[in-house]
Amino acid sequence: MGNDRLQMAIVGYGGMGAYHVHLAHASDRIRVKGVFDIDDGRLRLASESGLVAYPSFTALLADREVAIVLIATPNDVHKTLAIRALEAGKHVICEKPVALTVDEFKAMMAVADEMGRMLIVHQNRRWDEDFLTVRRLWQEKRIGDIFHVESRVQGANGIPGDWRHCPAQGGGMLLDWGVHLLDQLLLLDDSEIDHVYASLSYVLGHEVDDGFTAHVAFKSGLTAHIEVGTTNFIKLPRWYVKGTEGNALIADWDLSGGVVTRIRESVTPEPVPIQAGVGLTKTMAPPNENAVAEHPLPAPLHPQTSFYNNVAQAILDGEAPMVKNDEVLRVMNLMAAIFTASRERRVVEHVDSVR
C-alpha cells in the first residue's frame with residue numbers, strides 16, 4: 001500500500017458536507033483541501049476552519065491538486081455536478097441518493113466509465129452496528145435460516161430542513177431514509193426480487209412522503225417489511241428478525257434487545273391454554289420454559305475498513321470499492337418500484353429486470 005495522500009474538495013458545506021471533513025480526516029490517505037458552497041456564510045465557516053473557500057465550482061474543478069470531489073448538495077443537482085467533475089478528470093463521491101432516477105444514475109456511471117474515474121456512493125449506513133449485528137445473525141445462522149426481516153426507523157419530528165419538503169429537489173422519506181434501509185436489505189439477500197408492494201404516507205400534508213411501508217418478497221423465500229415514519233411518538237423495534245430456529249429483536253440504535261431460540265433436544269409438552277380476552281387459546285400461549293433459550297445479541301461484524309480508507313484503496317491500490325455501483329443501481333430500481341407500487345396501488349414485479 002502506498003503512502004500517497006489524496007486531496008478532496010467538498011461541494012455543499014451544510015451539515016453533511018461538514019461532517020465529511022471529519023470522516024475523511026480519520027483516514028491517513030485523504031485530506032480535505034477546500035469547499036465550494038453557494039452560501040457565502042458557509043464559505044466563511046470553511047475558510048475559518050482552515051479550508052480553501054473556492055469562489056465557484058469551476059474554480060474548484062480547475063484545482064489540479066484536487067483528485068476527489070465530494071457532492072453533498074440537495075439531490076436534484078447530483079447528476080449535473082457529478083458529470084462535470086468526472087469530465088474534469090476528478091473521482092467523485094456522491095451522497096445518497098445518488099440521483100433522482102435510475103436513468104440519471106446510469107448517465108453518471110457512463111461518464112465515469114468513459115473518463116476512467118471512480119464514482120462511489122456514500123452509503124454510510126452499511127457501517128451501522130445494528131445492521132452489522134443482523135448481518136452476523138444472517139451469515140452465522142444464529143437463529144437458523146432467516147425468512148422474514150422487519151426494519152424500521154421512526155421519529156416524531158416530521159420532515160426536518162427545507163429542501164427535503166420539495167419534490168423537485170428529491171425530498172421525502174423514501175429517498176432520505178428508505179435508500180439506507182433498502183441498501184441494507186439487499187446486502188442480506190442478493191437473490192432476485194419477486195414482487196413489491198408499498199404505501200407512501202402524506203398525513204403531514206407535504207407534497208413529499210413523510211413516511212412509507214414496503215413489503216419486499218425475494219425469490220429465495222425471504223420477505224421483508226421496511227418502514228420509515230416521522231409521526232411515531234411510540235417507536236416500534238429497529239429490527240425484528242425471524243428464523244427457522246428463533247427470533248431476534250434490536251430495539252434501537254443502542255443495540256438493546258436479544259435473541260430467543262428453540263431447544264431442539266427438549267421434549268415439549270402440549271401448550272397449556274391461557275385466558276386471552278374473553279376466550280382461551282393454546283396457539284398463542286407462551287412456549288414451555290424448557291422449549292426456548294434466551295441469549296444476548298451477538299457482537300456486530302467488524303467491517304473490513306472504513307469508507308474513506310476503502311475509497312483510497314480503490315483509487316490508489318486498485319482494490320474494489322465496498323459500495324459497488326451495481327448494488328446502488330439495484331437500490332435505485334427498488335425505490336422506483338416502491339414509488340410505482342404506491343402511486344398505482346398495485347404489486348410490482350420484475351423489479352430487477354431493468355438492471
Side-chain angles (χ1 to χ4, degrees), residues 71 73-83 94-112 119-123 125-126 149 151-153 159 163-202 206-220 222-230 323-355:
I71 299 171
T73 64
N75 304 325
D76 59 320
V77 292
H78 285 183
K79 175 193 170 187
T80 300
L81 295 173
I83 287 177
C94 190
E95 261 302 329
K96 60 77 203 170
V98 64
L100 296 185
T101 67
V102 171
D103 286 342
E104 283 190 356
F105 182 42
K106 286 182 176 179
M108 295 161 69
M109 288 193 294
V111 175
L119 170 63
I120 302 175
V121 183
H122 185 233
Q123 287 285 4
R125 296 289 173 179
R126 294 183 176 202
V149 171
S151 173
R152 299 178 176 87
V153 290
I159 301 175
W163 63 266
R164 286 182 175 84
H165 295 84
C166 180
Q169 292 187 285
M173 287 297 104
L174 178 54
L175 289 172
D176 190 42
W177 262 103
V179 65
H180 287 307
L181 304 194
L182 298 172
D183 181 62
Q184 291 175 341
L185 173 65
L186 294 181
L187 288 177
L188 294 177
D189 193 330
D190 61 1
S191 70
E192 187 177 345
I193 296 170
D194 186 76
H195 65 269
V196 175
Y197 63 87
S199 175
L200 272 61
S201 167
Y202 296 88
H206 303 298
E207 292 184 82
V208 297
D209 62 292
D210 50 63
F212 72 92
T213 58
H215 174 87
V216 184
F218 294 82
K219 292 286 180 69
S220 66
L222 176 71
T223 59
H225 175 95
I226 307 297
E227 184 175 354
V228 173
T230 56
V323 182
K324 300 175 177 58
N325 285 336
D326 61 341
E327 297 168 343
V328 176
L329 180 59
R330 197 169 185 225
V331 174
M332 296 294 293
N333 281 328
L334 181 50
M335 286 197 298
I338 290 171
F339 277 122
T340 299
S342 179
R343 183 177 61 252
E344 300 181 6
R345 300 183 182 182
R346 66 178 179 89
V347 172
V348 176
E349 300 177 300
H350 311 298
V351 175
D352 290 312
S353 62
V354 296
R355 291 174 63 190

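Predicted model only: the values in this text are computed from it and were never measured.
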Side chains of Leu174 and Leu182 in contact at under 4.5 Å (non-hydrogen atoms) | yes
Close side-chain approach of Lys106 to Leu329, heavy-atom, < 4.5 Å = yes
Would you say the side-chain atoms of His78 pair up with the backbone N or O of Pro97, donor to acceptor, closer than 3.5 Å?
-> yes
Find out whether Gln184 and Gln123 are in side-chain contact, i.e. whether some heavy atom of one side chain is under 4.5 Å from a heavy atom of the other.
-> no
Spacing of Arg330 atom CZ and Asp352 atom CG [to the nearest 0.5 Å] | 4.0 Å
Could you grab the distance from atom CE of Met173 to atom NE2 of His206, nearest 0.5 Å is fine?
-> 9.0 Å
Evaluate the side chain to side chain contact (heavy atoms under 4.5 Å, CB included) criterion for residues Thr73 and Trp163: first the C-alpha distance (whole Å), next the side-chain angles of each, then the deciding distance (0.1 Å), finally the verdict.
-> CA-CA 10 Å; Thr73 64; Trp163 63 266; over 6 Å; no
Close side-chain approach of Val121 and Asn325, heavy atoms under 4.5 Å = yes
Can you name the closest pair of heavy atoms from Val351 and Ala337 and give their distance?
-> CG2-CB, 3.9 Å
Under 4.5 Å between any side-chain heavy atoms of Glu327 and Leu186, yes or no?
-> no
Mind checking the NE2-NZ spacing from His122 to Lys96? Nearest 0.5 Å is all I need.
-> 10.0 Å
Spell out, as yes or no, whether a donor-acceptor pair under 3.5 Å connects the side chain of Asn75 to the backbone of Leu100.
-> no
So, His165 side chain and Ile159 main chain: donor-acceptor pair closer than 3.5 Å or not?
-> yes
Going by atom types alone, do Asp189 and Ser191 pair a side-chain donor with an acceptor below 3.5 Å?
-> yes
Rounded to the nearest 0.5 Å, what's the gap from CG on Leu81 to CE on Met108? Could you check?
-> 9.0 Å
Mind running side chain to side chain contact (heavy atoms under 4.5 Å, CB included) on Arg164 and Val208 for me, showing each step along the way?
-> CA-CA 8 Å; Arg164 286 182 175 84; Val208 297; over 6 Å; no
Atom pair CG/CD1 of Leu119 and Ile83 - distance to nearest 0.5 Å | 9.5 Å
Shortest non-hydrogen contact from Gly170 toward Leu175 = O-CD1, 3.5 Å
Give a yes or no on whether the backbone of Ile338 and the side-chain of Ser342 come within a donor-acceptor separation of less than 3.5 Å.
-> no
Heavy-atom side-chain contact between Ile193 and Phe218 under 4.5 Å = yes
Which residue pairs pass the side-chain hydrogen bond (donor to acceptor under 3.5 Å, both in side chains) test with at least one member in residues 208-219, sequence neighbours excluded?
-> Ser201-Asp210
dist Thr340:OG1 -> Arg346:CZ (nearest 0.5 Å) comes out at 6.5 Å
After noting the C-alpha distance and the side-chain angles of Arg125 and Asp183, does the key distance pass the salt bridge (charged side-chain N to carboxylate O under 4.0 Å, His left out) rule?
-> CA-CA 8 Å; Arg125 296 289 173 179; Asp183 181 62; over 6 Å; no
Looking only at heavy atoms, what is the nearest atom pair of Phe105 and Met332, with distance?
-> CD2-CG, 4.3 Å
